[in-house]
Amino acid sequence: MTDKANIVVIGTGGTIAGQGKAASNTSAYLCSVLGIDDILATIPHASLPANLRAEQLLQTGSENFGNAHLLAIGQRVSTLLMEDDVDGIVIAHGTDTIEETAYFLHLTLKSAKPVVLVGAMRPPSAMSSDAALNLYDAIAVAAHPGSVGMGTLVVINDEIHTARDVVKSSSFKIEAFSSPYGPLGYVIEGRPRYYRHPARAHTLATPWTVERINSLPQVDIIYAYGALEPALVDALAARAQGLIFAGTGNGNVAAHLIEPLREAARRGVHVVRASRTGSGIVLRNGAQPDDTYGWLAVDDQVPSKARILLMLALTQARDWPSLQAAFERY
Ligand code: SIN
């Protein structure tokens with residue numbers, strides 16, 4: 001027996017499981033080819049503070065992940081976290097939507113044990129691949145006592161990010177991920193160093209439990225531009241329970257789209273005013289009179305993650321004060 005932490009490493013596909021024809025293929029390669037055992041074979045095990053158990057849950061690019069994938073990952077992770085001999089989880093995941101899965105887990109898991117998502121921008125077959133080091137660092141973070149109670153984390157490019165804040169902000173660079181207020185910490189020589197805690201409520205302090213959610217409501221995102229036709233808003237409003245309107249600048253709404261969005265709200269669709277800029281705060285009753293129009297304001301969350309939060313909030317509440325409070329609390 002050892003005093004190492006017991007970490008389960010789950011494979012789901014992505015570039016971290018990808019393979020190119022040649023080492024020079026850093027951006028053109030097949031995703032989701034290698035199994036989790038193959039990926040784990042590329043890292044040095046002896047120096048890790050962890051006993052590893054591998055599990056292949058999915059094998060697909062994260063661009064394919066719908067609500068059913070989120071629920072499947074959440075339910076499996078939740079079950080594993082209940083096992084006494086599991087100290088933490090690492091999920092190898094495609095980078096495209098890693099922030100959405102991470103935020104979903106951050107808001108729904110009921111455990112203080114570390115859950116760490118990790119991806120790579122270059123497949124293991126490429127020159128200067130980041131896959132092995134990112135995975136090694138993620139396991140070190142999951143095994144570290146300082147990660148307990150931090151919520152779901154994303155480890156990539158030497159950085160430890162909170163799931164709430166992290167976004168993919170480059171399509172190809174190794175330093176593809178950023179958090180608007182900076183990472184929580186760094187990993188150097190396999191040793192995590194923390195400098196901050198997540199300020200917003202997560203995991204044990206949220207009302208959502210993944211075991212009690214069988215399906216998620218339809219929430220869609222509208223990306224704003226001046227030539228956007230009202231018919232598109234009407235079509236989405238006819239099928240969705242919530243709409244995230246990724247407006248220009250500070251959540252602005254073109255004059256010809258105000259009435260379609262007001263009509264959607266009158267018909268009971270929960271309209272959230274967000275921003276397509278990728279960062280910053282959308283202030284309630286700032287650029288638009290949300291109280292008058294029956295709309296919600298996103299605070300500082302990006303549209304893709306606002307969608308996750310609204311879906312969860314709608315599983316328990318329909319009144320706007322509760323829904324608005326969710327955007328200010330989580
Ligand atoms: C994916 O998200 O599955 C593909 C891209 C990547 O992992 O970087």
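Worth saying up front: this structure is predicted, and the values here are computed from it rather than measured. Counting starts at 1 for both ligands and their atoms, in listed order.
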Peer 1: Quick one: do the T60 and S32 side chains pair a donor with an acceptor below 3.5 Å?
Peer 2: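 No - no donor-acceptor pair under 3.5 Å links their side chains.
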Peer 1: Mind checking who shares a hydrophobic cluster with I43, ILVMFWY linked at side-chain heavy-atom distances under 4.5 Å?
Peer 2: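 I43 shares its hydrophobic cluster with I7, V9, I16, L34, I36, I39, L40, L48, L52, V90, V116, V118, L135, Y136, I139, V141, M150, L153, V155, I160, L184, V187, Y194.
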Peer 1: How would you list, by chain and number, the residues with a heavy atom under 4.0 angstrom from ligand 1?
Peer 2: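 Within 4.0 Å of ligand 1, the protein residues are G14, T15, C31, G61, S62, E63, G94, T95, D96, A120.
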Peer 1: Should the ring pair W295 and Y293 be called parallel, tilted or perpendicular, given that the plane angle runs from 0 to 90° and is split at 30 and 60?
Peer 2: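 Geometry flag for Y293 against W295: perpendicular rings.
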Peer 1: Just to verify, what does E83 make a salt bridge (Lys or Arg N to Asp or Glu O under 4.0 Å) with, not counting sequence neighbours?
Peer 2: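 Testing E83 for salt bridge (Lys or Arg N to Asp or Glu O under 4.0 Å), a comparison that skips the adjacent residues, returns R53.
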Peer 1: Does R196 CZ have over 12 foreign heavy atoms under 6.0 Å away?
Peer 2: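 Above 12, so yes.
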Peer 1: Could you go through residues 99-109 and list every donor-acceptor pair under 3.5 Å that involves a side-chain atom there, pairing it with any protein atom two or more places apart or in another chain?
Peer 2:
from	atom 1	to	atom 2	distance (Å)
E99	OE1	K168	N	2.7
T101	OG1	H93	NE2	2.8
H106	ND1	T152	N	3.1
T108	OG1	F104	O	2.7

